[in-house]
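Counting starts at 1 for both ligands and their atoms, following the listed order. In what follows, residues are counted from 1 in the order of the sequence shown. This is a predicted model, so every value here is computed, not measured.
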Amino acid sequence: MAGAKLLWRAALVAVVALAGMVGAASAQLRQNYYGSSCPSAESTVRSVISQHVQQSFAVAPGTLRLFFHDCFVRGCDASVMLMASNGDDESHSGADATLSPDAVEAINKAKAAVEALPGCAGKVSCADILAMAARDVVSLTGGPSYGVELGRLDGRTFNRAIVKHVLPGPGFDLNQLNTLFASNGLTQFDMIALSGAHTIGVTHCDKFVRRIYTFKQRLKYNPPMNLDFLRSLRKVCPMNYTPTSFAMLDVSTPKTFDNTYFDNLRYNKGVLASDQILFTDRRSRPTVERFAANSTFFNEAFVAAMAKLGRIGVKTGSDGEVRKVCTAVN
Ligand code: HEM
Ligand SMILES: *[C@@H]1O[C@H](CO)[C@@H](O)[C@H](O)[C@H]1NC(C)=O
């Protein structure tokens with residue numbers, strides 16, 4: 001059984017990797033893509049997203065995670081935004097079940113605002129709006145500002161079955177993280193930089209609770225955790241925690257996009273095993289040390305890795321369309 005499951009998983013990863021490569025070869029993404037067709041698109045998205053972040057901070061981390069999950073599942077094609085009346089959409093599966101509804105709403109509002117601009121109806125894809133919004137929340141929370149490549153089409157298909165096979169889990173070790181990211185054309189260096197997104201936002205208790213109580217033996221592995229930090233997490237997530245309880249992914253500055261996430265790892269204050277392993281494993285530690293020591297270096301690596309993330313499985317031909325609304329195919 002386990003063998004068959006592994007094979008199935010390996011096959012899926014291979015298919016996804018192939019789709020990613022095909023997309024990268026044919027995609028013609030570029031900055032300022034809407035410069036003449038809809039010149040106010042980027043400023044409109046930014047102002048809508050900014051309003052929503054002011055109303056609810058959760059929109060910022062929620063949007064960043066939404067973009068990551070979109071790109072890893074079927075490529076950056078806004079398939080994550082599609083809603084199916086029968087519940088077969090990506091947002092009803094595994095890791096995607098905790099995507100932020102506030103972030104989804106902000107993207108839908110941004111799309112509506114762009115559609116309403118004179119001459120812009122039907123021109124700007126949801127996949128691109130998501131890429132713009134992910135860029136905007138980074139700078140809105142104190143991170144770097146950068147130009148974002150655009151020109152993606154929206155996908156026409158989705159199903160939820162694939163989701164649990166193509167997203168990383170909080171218990172992944174370095175080999176598993178590297179294998180999955182490599183299948184998407186991303187290096188270990190990119191993977192560590194992108195994990196820096198955990199500088200904002202939260203994780204629910206179920207994702208790390210086994211790390212902080214004494215049933216370690218049920219874990220495949222458990223990288224070390226600072227004792228004071230462990231005690232504080234036990235307060236946030238008692239053994240009988242409620243499903244809605246959560247902890248900050250960056251205990252020091254949870255609402256600021258900065259490099260303290262990496263500094264936390266140096267003190268064994270990573271919440272998820274997949275965070276802490278980046279410091280614990282000798283192969284990735286030097287990169288964590290460099291990101292912790294030099295925020296400019298981290299920012300540059302993050303921006304470059306986000307561009308690579310945004311090129312995964314891009315649709316530019318008959319396999320795509322510009323949706324009228326992000327929640328449904330045309
Ligand atoms: C390296 C492998 C990764 C793993 C194993 C992982 C896992 C997780 C988990 C388990 C959560 C908590 C979900 C919840 O309980 O609601 C989370 C949250 C988050 N992840 Fe990741 N993640 C990874 C990479 C990334 C990447 C590449 C990005 C974006 C570039 C990202 C952005 C986020 C953000 C912003 C949050 C907070 C969401 C919120 O507060 O709503 N993650 N991640
Ligand atoms: C920090 O990183 C930047 C960008 O790579 C580099 O130019 C700079 O020299 C680094 N600073 C230090 C103190 O190493």
Side-chain angles (χ1 to χ4, degrees), residues 53 56-73 76 91 94-104 106 130-131 133-135 137-138 141 143-144 164 166-182 184 186-211 236-237 241 243-250 254-255 257 259 261 265 270-278 284 287-310 312:
V53 170
S56 159
F57 181 81
V59 168
T63 299
L64 199 47
R65 186 167 179 240
L66 198 57
F67 178 63
F68 167 51
H69 285 211
D70 182 35
C71 294
F72 261 44
V73 183
C76 313
S91 66
D96 277 1
T98 52
L99 289 172
S100 159
D102 290 350
V104 172
L130 199 43
R135 175 268 308 268
V137 297
V138 169
T141 53
K164 63 173 179 283
V166 295
L167 285 173
F172 271 26
D173 63 20
L174 190 68
N175 288 338
Q176 290 173 299
L177 290 169
N178 280 339
T179 304
L180 181 61
F181 278 70
N184 284 295
L186 298 164
T187 64
Q188 173 177 289
F189 185 80
D190 298 327
M191 183 274 292
I192 300 169
L194 288 171
S195 294
H198 290 177
T199 177
I200 52 172
V202 305
T203 172
H204 292 88
C205 297
D206 62 311
K207 306 297 190 298
F208 63 88
V209 74
R210 284 186 296 278
R211 256 161 77 59
V236 179
C237 302
Y241 67 88
T244 48
S245 306
F246 57 82
M248 303 299 173
L249 282 162
D250 170 358
K255 293 191 172 190
F257 191 102
N259 62 341
Y261 161 85
L265 300 183
V271 185
L272 307 176
S274 58
D275 292 324
Q276 192 56 53
I277 196 64
L278 301 179
S284 45
T287 305
V288 170
E289 296 273 21
R290 285 191 72 187
F291 287 161
N294 187 337
S295 61
T296 310
F297 184 65
F298 163 58
N299 285 349
E300 287 177 5
F302 183 81
V303 168
M306 282 290 275
K308 285 172 82 174
L309 177 64
I312 298 172

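If you number the atoms of ligand 1 from 1 as listed, the ones under 4.0 Å from a heavy atom of S195 come out as 1 (C). Those atoms of ligand 1 with a heavy atom of L249 less than 4.0 angstrom away are 18 (C), 19 (C), 36 (C), 37 (C).
Not one N or O of S100 is nearer than 3.5 Å to an N or O of ligand 1, by distance alone. Backbone and side-chain nitrogen or oxygen atoms of V202 are examined, and one is located within less than 3.5 angstrom of a nitrogen or oxygen of ligand 1. Considering backbone and side-chain N/O atoms, N294 comes within less than 3.5 Å of an N/O atom of ligand 2. Checking only distances, S274 never comes within under 3.5 Å of ligand 1, N or O to N or O.
Atom 4 (C) of ligand 1 has P168 CG, 3.8 Å as its closest protein atom, hydrogens excluded (heavy atom only). In terms of protein heavy-atom proximity, atom 33 (C) of ligand 1 is closest to H198 CD2, 3.4 Å. Atom 30 (C) of ligand 1 has A197 CB, 3.6 Å as its closest protein atom, hydrogens excluded (heavy atom only). Closest to atom 4 (C) of ligand 2 among all protein heavy atoms lies E300 OE1, 3.4 Å. The nearest heavy-atom contact from the protein to atom 39 (C) of ligand 1 is P61 CB, 3.7 Å. The protein atom (non-hydrogen) at minimum distance from atom 5 (C) of ligand 1 is G169 O, 3.1 Å.
At least one donor-acceptor pair under 3.5 Å links the side chain of Q276 to the backbone N or O of L265. Of the possible donor and acceptor atoms, none in the side chain of D70 sits under 3.5 Å from a partner among the backbone N and O of F67. Remark: the backbone N or O of L186 is not paired with any side-chain donor or acceptor of N184 at under 3.5 angstrom. Between the E300 side chain and the F297 main chain, no donor and acceptor come within less than 3.5 Å of each other.
Of all the heavy atoms in L64 and M306, the pair that sits closest is CD1-CE, 3.7 Å.
For F246, the heavy-atom gap to ligand 1 stays at 4.0 angstrom or more.
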